[in-house]
Amino acid sequence: MSSLEGRDGAGGIDAMVDDEVIEESMSHAFVIEREMRASPQEIFNAWTQNFDTWFARPGAIAMEATVGRPYWFDVEHNGTHYSHYGRFLAVEANRLLEFTWVTGRDGTDGAETVVRVELTPRGDRTHLRLRHGGFYDEAATARHRGAWPTILEHLDATLSGKTS
């Protein structure tokens, strides 16, 4: 385990580790940082070209990673379908993706949140930093803060062919 220190003296950012979750409590946002076994290119391609091989339901997707372009995909979890919508805000090959993220009840509750994924090469691995913010309340923030570490672990395992 490692740790991160708060950035401001007012307690605006707390830290928790394993997947290293940093909370920005005043804005209903959090950051997760994780060392991934895959290269930045493999991870970027997974987010932009192969999203329905590890996250979205296969074939239930309309996505082109171009700034301003809208996307849609469907996820099935515990027998329930969850549609996700958004648009791309920033796309820098193998380095950065930023997009809005909107879901319904038990997701973002209709809030147009923003996901930012930054990829930094670290030897034969990649440091992935994911920031997700703009939720209406702490309940929606907590749901996503709890889900992203598992999702990123699944992505890492899928790309590396290892189960963890």
Side-chain angles (χ1 to χ4, degrees), residues 4 7 13 15-16 18-24 27-77 82-104 107-136 140-162 164:
L4 300 175
R7 292 186 205 159
I13 299 177
M16 179 185 101
D18 251 354
D19 279 310
E20 299 199 27
V21 176
I22 304 166
E23 294 182 49
E24 298 175 10
S27 63
H28 296 296
F30 57 90
V31 172
I32 298 174
E33 298 189 46
R34 180 183 174 92
E35 295 300 313
M36 306 286 284
R37 292 180 285 241
S39 71
Q41 180 179 7
E42 292 169 316
I43 296 167
F44 185 85
N45 289 345
W47 282 87
T48 59
Q49 299 171 23
N50 304 311
F51 203 66
D52 64 341
T53 64
W54 67 276
F55 194 105
R57 199 164 44 89
I61 187 168
M63 181 182 284
E64 180 184 321
T66 301
V67 173
R69 191 71 89 153
Y71 70 83
W72 163 85
F73 65 89
D74 183 71
V75 172
E76 183 176 354
H77 180 68
Y82 298 92
S83 289
H84 295 64
Y85 304 88
R87 60 191 158 78
F88 285 91
L89 303 173
V91 178
E92 295 178 29
N94 308 327
R95 194 178 100 52
L96 172 72
L97 285 168
E98 187 173 57
F99 45 91
T100 63
W101 182 277
V102 181
T103 58
T108 70
D109 296 323
E112 184 179 49
T113 62
V114 175
V115 176
R116 181 178 178 92
V117 178
E118 299 172 49
L119 305 171
T120 306
R122 295 248 172 104
D124 64 347
R125 293 180 174 247
T126 300
H127 182 81
L128 185 147
R129 181 180 191 274
L130 181 144
R131 181 189 187 281
H132 196 170
F135 299 94
Y136 289 139
T141 308
R143 282 192 299 272
H144 288 80
R145 182 188 319 113
W148 277 117
T150 303
I151 293 164
L152 295 177
E153 181 179 340
H154 174 68
L155 171 61
D156 198 22
T158 299
L159 293 176
S160 69
K162 299 178 181 176
S164 218

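- Heavy-atom minimum distance, R143 versus D109: NH2-OD2, 2.9 Å.
- The closest side-chain heavy-atom distance from H28 to Y136 is not below 4.5 Å.
- A perpendicular orientation is assigned to the rings of H144 and H132, their planes being inclined by more than 60° (bins at 30° and 60°).
- Here the CG-OG1 distance, from L96 to T120, works out to 10.0 Å after rounding to the nearest 0.5 Å.
- Applying the salt bridge (charged side-chain N to carboxylate O under 4.0 Å, His left out) rule to pairs touching residues 39-51 yields nothing, sequence neighbours excluded.
- Not counting sequence neighbours, the partners of A56 by the side-chain contact (heavy atoms from CB on, under 4.5 Å) test are F51, D52, I61, F73.
- Using a 30° and 60° split on the angle between ring planes, Y71 and W101 fall in the tilted class, from 30° to 60°.
- Using a 4.5 Å cut-off on side-chain heavy atoms (C-beta onward), L89 and R116 make no contact.
- With M63 as reference, F88 is the one residue of F99, W72, W47, F88 to meet the side chain to side chain contact (heavy atoms under 4.5 Å, CB included) rule.
- Side-chain atoms of N94 and L119, non-hydrogen and from C-beta on, never get closer than 4.5 Å to each other.
- Annotation: side chain of I151 is in contact with side chain of W54 (closest heavy-atom distance under 4.5 Å).
- Taking 4.5 Å as the limit, some side-chain heavy atom of M36 sits within range of a side-chain heavy atom of L155.
- The side-chain heavy atoms of R87 and E112, taken from C-beta on, include a pair separated by under 4.5 Å.
- Between L97 and V91, the closest side-chain pair of non-hydrogen atoms falls below 4.5 Å.
- Listed here is the closest heavy atom pair of I43 and L128: CG2-CD1, 4.0 Å.
- For the residue pair A111 and G134, the shortest heavy atom distance occurs at CB-O, 3.8 Å.
- Remark: F44 pairs with no residue by the ring-ring contact (aromatic ring centres under 6.0 Å, His included) rule, at least two apart or across chains.
- Smallest separation of non-hydrogen atoms from R34 and D156: NH2-OD2, 3.4 Å.
- Residues S39 and T126 come closest through the heavy atom pair C-OG1, 3.2 Å.
- Looking at T141, its side chain never comes within 3.5 Å of a backbone N or O of A29 through a donor-acceptor pair.
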(message) Evaluate R129 against V31 for side-chain contact (heavy atoms from CB on, under 4.5 Å), listing each step before the verdict.
(response) CA-CA 7 Å; R129 181 180 191 274; V31 172; 3.5 Å; yes
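- Judged by distance alone, the side chains of E64 and T66 do bring a donor and an acceptor atom under 3.5 Å apart.
- Ring orientation note: the planes of H84 and F55 are nearly perpendicular, at an angle over 60° on the 30°/60° scale.
- You'll find the side chain of T150 stays beyond 4.5 Å of the side chain of H154, heavy atoms only.
- Within 6.0 Å of CZ in R57 there are more than 12 heavy atoms belonging to other residues, nucleotides or ligands.
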